[in-house]
Amino acid sequence: MTALVRRVLAYAALTAMAALVLVPFAWMLSSSLKRDNEVFTVPIQWIPNELRWSNFVDIWERIPLLTYLGNSAFLSVTITVLQVLSGSFAAYGFAKVRFPGRDALFLAYIATIAVPWQAYMVPQYIMMQKADLTNTHLAIILLQAFGAFGVFLMRQYYLSIPDELCEAARIDGLSEYGIYRRIMLPLSKPALASLALLTFVNTWNDYMGPFIYLTDNDLWTVQLGLRSFIGQYDAEYAMMMTGATLSVLPILAVFLLGQRYFIQGIATSGLKG
């Protein structure tokens with residue numbers, strides 16, 4: 001009986017915490033169906049008297065939302081693919097290839113995670129400006145396509161894969177690239193999915209990077225596009241919530257498609273044996 005009570009209490013606590021996490025999203029969805037003067041009413045009116053479904057039609061006419069979504073999708077997919085490739089390949093070198101100074105180099109590289117982005121934001125911008133890459137998507141891609149976190153995540157996963165597999169492959173004459181492509185990648189699908197999902201979400205939600213480097217409206221991402229509803233003296237909060245709701249849908253779709261691998265990659269650390 002005690003075990004049953006504990007399980008019920010645990011599920012109740014998890015349900016309550018999940019509900020708290022979902023409250024902001026519920027408020028965002030509710031606000032997207034209201035008028036501007038109804039968004040911040042106290043107490044909150046969760047179900048508006050008049051559901052303004054027209055907001056989801058009007059927003060496509062008010063701003064070039066399809067262009068913004070396309071730019072966000074292009075940057076997110078491109079950066080995700082490059083981060084997964086570069087992170088997994090570098091992690092293989094740090095985890096399975098022996099060379100002088102490997103561990104020291106890895107620690108020095110991982111230490112860059114602790115450096116705040118604001119510390120090197122200005123030097124990065126000067127570099128991109130001198131290379132004439134400002135106001136281009138290429139600037140954001142080059143700056144975000146390589147990340148220490150991805151290398152760290154993949155290396156920790158690779159360390160859980162027995163070295164005997166790589167040694168046997170080397171004895172059979174397989175090159176390091178062949179080992180990486182034929183052995184390591186197939187065995188690390190959960191970790192790759194976790195890295196891909198985290199990178200995609202982070203890039204999709206990025207505001208400061210596009211804000212600094214992109215000035216042309218045709219290059220804006222959806223996060224910058226929502227600024228269109230902020231005026232000098234007021235803001236159209238209902239339309240902002242409508243755009244935010246639409247911007248969440250691609251992330252939701254990506255997570256639903258890859259949740260099995262994502263959860264497995266977070267919950268496990270590779271092969272057991």
Side-chain angles (χ1 to χ4, degrees), residues 22-41 44-82 117 121 124-125 128-129 132-145 197-257:
L22 292 175
V23 164
F25 295 98
W27 180 79
M28 178 183 68
L29 179 59
S30 173
S31 300
S32 68
L33 298 172
K34 297 178 179 179
R35 301 177 184 273
D36 289 328
N37 58 0
E38 298 174 336
V39 173
F40 293 108
T41 55
I44 298 176
Q45 188 178 10
W46 292 101
I47 302 178
N49 294 326
E50 178 187 359
L51 297 176
R52 292 183 57 83
W53 296 104
S54 59
N55 288 347
F56 287 91
V57 177
D58 295 341
I59 190 171
W60 300 93
E61 301 174 355
R62 298 285 303 279
I63 60 174
L65 185 60
L66 186 61
T67 299
Y68 299 153
L69 291 172
N71 291 334
S72 292
F74 169 73
L75 288 174
S76 299
V77 172
T78 303
I79 292 173
T80 298
V81 171
L82 292 175
W117 179 61
M121 176 177 64
Q124 275 188 344
Y125 183 83
M128 292 297 106
Q129 188 179 46
D132 198 24
L133 292 177
T134 55
N135 196 31
T136 66
H137 286 157
L138 185 58
I140 299 176
I141 292 173
L142 290 176
L143 293 176
Q144 299 185 18
L197 181 59
L198 292 173
T199 304
F200 184 91
V201 172
N202 183 64
T203 306
W204 184 276
N205 291 330
D206 184 26
Y207 176 81
M208 286 302 298
F211 177 72
I212 292 173
Y213 290 98
L214 303 179
T215 57
D216 190 345
N217 186 271
D218 292 334
L219 299 176
W220 281 6
T221 62
V222 67
Q223 309 303 333
L224 285 181
L226 295 180
R227 292 177 54 218
S228 304
F229 297 112
I230 301 177
Q232 184 176 1
Y233 301 105
D234 60 357
E236 298 180 71
Y237 294 106
M239 279 296 178
M240 291 177 62
M241 294 300 104
T242 302
T245 301
L246 291 173
S247 70
V248 169
L249 295 181
I251 298 177
L252 181 62
V254 169
F255 178 77
L256 292 177
L257 291 174

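Positions are given from 1 along the sequence.
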Residue pair [X] / [Y]: nearest heavy atoms and the distance that separates them:
| X | Y | result |
| --- | --- | --- |
| Ser30 | Pro48 | O-CG, 4.0 Å |
| Pro64 | Asn217 | CG-OD1, 3.9 Å |
| Asp206 | Pro210 | OD2-CD, 3.2 Å |

Measuring from atom [atom1] of [X] to atom [atom2] of [Y], what distance do you get when rounded to the nearest 0.5 angstrom?
| X | Y | atom1 | atom2 | result |
| --- | --- | --- | --- | --- |
| Asn135 | Thr215 | CG | OG1 | 3.0 Å |
| Met240 | Ser32 | CE | OG | 13.0 Å |
| His137 | Leu142 | NE2 | CG | 13.0 Å |
| Arg35 | Thr41 | CZ | OG1 | 13.5 Å |
| Thr242 | Leu33 | OG1 | CG | 7.0 Å |
| Tyr125 | Leu133 | OH | CG | 11.5 Å |

By the definition side-chain contact (heavy atoms from CB on, under 4.5 Å), identify the one residue from Leu75, Ile140, Asn205 that meets it with Thr221.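 So, applying the side-chain contact (heavy atoms from CB on, under 4.5 Å) to Thr221 and each of Leu75, Ile140, Asn205, only Leu75 qualifies.
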
State, yes or no, whether a side-chain contact exists between [X] and [Y] at a heavy-atom distance under 4.5 Å.
| X | Y | result |
| --- | --- | --- |
| Met28 | Val248 | yes |
| Tyr207 | Leu226 | no |
| Phe211 | Gln223 | no |

Any donor-acceptor N/O pair, [X] side chain to [Y] backbone, under 3.5 Å:
| X | Y | result |
| --- | --- | --- |
| Ser72 | Tyr68 | yes |
| Trp204 | Val222 | no |
| Ser31 | Met241 | no |

Could you verify whether a donor N or O on one side chain and an acceptor N or O on the other, from Asn202 and Gln144, lie under 3.5 Å apart?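 Their side chains do not contain a donor-acceptor pair, so the 3.5 Å distance test is not met.
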
Leu219 and Thr136: CA distance, side-chain angles, deciding distance, side-chain contact (heavy atoms from CB on, under 4.5 Å) verdict: CA-CA 7 Å; Leu219 299 176; Thr136 66; 5.5 Å; no

The test is side-chain contact (heavy atoms from CB on, under 4.5 Å); show your working for Lys34 and Gln45 and say whether it passes. CA-CA 10 Å; Lys34 297 178 179 179; Gln45 188 178 10; 4.3 Å; yes

Hey, is [atom1] on [X] packed in by over 12 heavy atoms from elsewhere, all under 6.0 Å?
| X | atom1 | answer |
| --- | --- | --- |
| Phe56 | CZ | yes |
| Ile47 | CD1 | no |
| Asp132 | CG | no |

Does Trp46 form a side-chain contact (heavy atoms from CB on, under 4.5 Å) with Leu29? I'd like the steps, not just the answer. CA-CA 9 Å; Trp46 292 101; Leu29 179 59; over 6 Å; no

Could you check whether the rings of Phe40 and Tyr237 sit parallel, tilted or perpendicular, using 30° and 60° as the cut-offs?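 Because their plane-to-plane angle is over 60°, the rings of Phe40 and Tyr237 count as perpendicular.
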
All pairs passing side-chain hydrogen bond (donor to acceptor under 3.5 Å, both in side chains) where residues 52-62 contributes a residue, at least two apart: Arg62-Glu236

Walk me through whether Leu246 and Leu249 qualify under side-chain contact (heavy atoms from CB on, under 4.5 Å). CA-CA 5 Å; Leu246 291 173; Leu249 295 181; 4.1 Å; yes

